[in-house]
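Both backbone and side-chain heavy atoms feed into the values below; hydrogens, waters and symmetry mates do not. Small disclaimer: the values here were computed from a predicted structure and weren't measured.
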Amino acid sequence: MQISKAESQVMQFLWDRHPATAADVFAALGSDNDWSEATVKTLLGRLRNKGAVAVEPDGKRFLYRPAIERDAWVLAESSRLVDRLFDGRLAPLVSHFSSHGKLSQSDLDELRELIERLDDER
């Protein structure tokens, strides 16, 4: 499932706070993104059509909640990125960031700890 940047902002809001109305989403995200309430409703409609959000009537309004889990979406998106740019391999991704000065010392420390933990588990 492809989710645009704007749609992902709506999903992040819904993962953090659901159920929510279109007005709730608009109040939280509208002004920062220069979105109208109609834009928010369009984004919610697209997400509903993609199966990313579930909708239930609540009187004269609708309540929206995520229909996909954040972790599953992050895994799918990150896998798609690595597949598209690095032939599915993580080492070239890390190398790319390293060669462009995008890895901080804390990033390196976290990577070392992760590698040690993975080695211990094997």
query = What closest approach, in Å, do Ala67 and Ala54 show between heavy atoms, and which atom pair accounts for it?
reply =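 In this case the closest contact between Ala67 and Ala54 is CB-N, 3.9 Å.
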Once salt bridge (charged side-chain N to carboxylate O under 4.0 Å, His left out) is applied, what residue pairs with a partner in [range] remain, sequence neighbours excluded?
{"range": "residues 9-19", "result": "Asp16-Arg70, Arg17-Asp24"}
{"range": "residues 105-114", "result": "Asp109-Arg112"}
{"range": "residues 46-63", "result": "Glu7-Lys50, Glu56-Arg65, Asp58-Arg61"}

query = In the hydrophobic cluster built from side-chain contacts under 4.5 Å, what are the other members alongside Leu29?
reply =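 Listed partners: Met1, Ile3, Val10, Met11, Phe13, Leu14, Trp15, Val25, Phe26, Trp35, Val40, Leu43, Leu44, Leu47, Val53, Val55, Phe62, Tyr64, Ile68, Trp73, Val74.
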inquiry  = Other members of the hydrophobic cluster containing Leu118, with the 4.5 Å side-chain heavy-atom rule, please.
reply    =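 Listed partners: Leu114.
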Partner residues of Thr39 under the side chain to side chain donor-acceptor pair (under 3.5 Å) criterion, sequence neighbours left out = Ser36
remark   = Sorted by chain and residue number, the side chain to side chain donor-acceptor pair (under 3.5 Å) partners of Ser99 (sequence neighbours excluded) come out as none
key: Path from Leu108 to Val94 over hydrophobic side-chain contacts below 4.5 Å   = yes
Listed partners of Ala23 passing side-chain contact (heavy atoms from CB on, under 4.5 Å), at least two apart = Thr21, Glu37
ask   = For Lys102, which residues count as a side-chain contact (heavy atoms from CB on, under 4.5 Å) partner, sequence neighbours excluded?
value =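 If we apply the side-chain contact (heavy atoms from CB on, under 4.5 Å) test to Lys102, skipping adjacent residues, the hits are Phe97, His100.
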Which atom pairs, donor and acceptor, lie under 3.5 Å between side-chain atoms of residues 82-92 and protein residues at least two apart or in another chain?
none

inquiry  = If we ignore hydrogens and angles and just use 3.5 Å, is the side chain of Ser79 paired with the main-chain N or O of Ala76 as donor and acceptor?
reply    = no
key: Atom CD of Glu69 with >12 non-hydrogen neighbours under 6.0 angstrom   = no
